[in-house]
Amino acid sequence: MTSPNDLVVVYAGDPFETDYVKWTLENNGIQAFLKDEILGSIAPYYTAGGLGAVKVTVAQRDIEEVNEIIQQINKMNSEE
């Protein structure tokens, strides 16, 4: 059974992308954490996910709001 406090991966990408996503989430009042940040940065081929090895995680309770924010980020990126 999942708890509202369980961490869920919501985004995976390179270190620059994931830092931006984490920063955006935190600026919207959502606590976010990076997973595999060090190993994903120095040896991305070694961790699960290949080049997108750095992951952004958030609490399960924030997942709906996070999905909306990530959709906005993706929309802005596709317009550039």
Side-chain angles (χ1 to χ4, degrees):
M1 184 161 97
T2 62
S3 161
N5 295 324
D6 287 347
L7 294 179
V8 179
V9 175
V10 293
Y11 190 87
D14 67 45
F16 300 108
E17 292 172 338
T18 53
D19 276 341
Y20 178 74
V21 170
K22 180 180 182 285
W23 176 83
T24 303
L25 293 174
E26 289 177 342
N27 280 329
N28 281 280
I30 299 169
Q31 192 171 23
F33 304 94
L34 295 180
K35 181 178 177 185
D36 299 331
E37 179 181 17
I38 294 172
L39 189 56
S41 296
I42 60 173
Y45 51 84
Y46 190 71
T47 58
L51 293 176
V54 182
K55 297 161 193 71
V56 179
T57 61
V58 298
Q60 178 69 40
R61 68 177 172 272
D62 296 324
I63 197 73
E64 289 182 29
E65 186 177 358
V66 168
N67 285 337
E68 290 176 19
I69 293 169
I70 290 176
Q71 284 178 353
Q72 291 173 359
I73 291 170
N74 289 335
K75 183 179 178 183
M76 285 185 337
N77 289 339
S78 68
E79 291 175 357
E80 292 179 355

| request: Could you check if a side-chain atom of Glu37 sits within less than 4.5 angstrom of a side-chain atom of Asp19, using non-hydrogen atoms only? | output: yes

| note | Tightest non-hydrogen contact, residues Val9 and Thr57, listed as CG2-CG2, 3.7 Å

| said: Would the distance check show the side chain of Glu65 and the main-chain N or O of Asp62 forming a donor-acceptor pair, the cut-off being under 3.5 Å? | reply: no

| Do you know the tightest heavy-atom contact between Thr18 and Gly13? | CG2-N, 3.6 Å

| Could you state the interatomic distance from OH (Tyr11) to OG1 (Thr24), rounded to the nearest 0.5 Å? | 10.0 Å

| request: Enter the distance from Glu68:CD to Glu64:CD here, rounded to the nearest 0.5 Å. | output: 7.5 Å

| If you round to the nearest 0.5 Å, how far is CD1 of Ile73 from CD of Gln71? | 10.5 Å

| field | Closest approach of Lys55 to Ala12 (non-hydrogen atoms, all atoms of both residues) | value | CG-CB, 4.0 Å

| Given the rule that I, L, V, M, F, W and Y join up when any side-chain heavy atoms are under 4.5 Å apart, are Ile30 and Ile70 in one cluster? | yes

| request: Could you tell me which non-hydrogen atom of Gln60 sits nearest to which non-hydrogen atom of Val8, and how far apart they are? | output: OE1-CG2, 2.9 Å

| Under 3.5 Å, side chain of Asp6 to main-chain N/O of Ser3, donor-acceptor pair present? | yes

| query | Can you name the nearest heavy-atom pair linking Ala59 to Leu7, along with the distance? | reply | N-CD2, 3.9 Å

| note | Lys22 and Phe33 have their tightest heavy-atom pair at CE-CA, 4.2 Å

| query | Would a 4.5 Å heavy-atom cut-off, applied to side chains only, mark Val66 and Asn28 as touching? | reply | no

| query | With the 4.5 Å side-chain cut-off for hydrophobic clustering, are Trp23 and Phe16 part of the same group? | reply | no

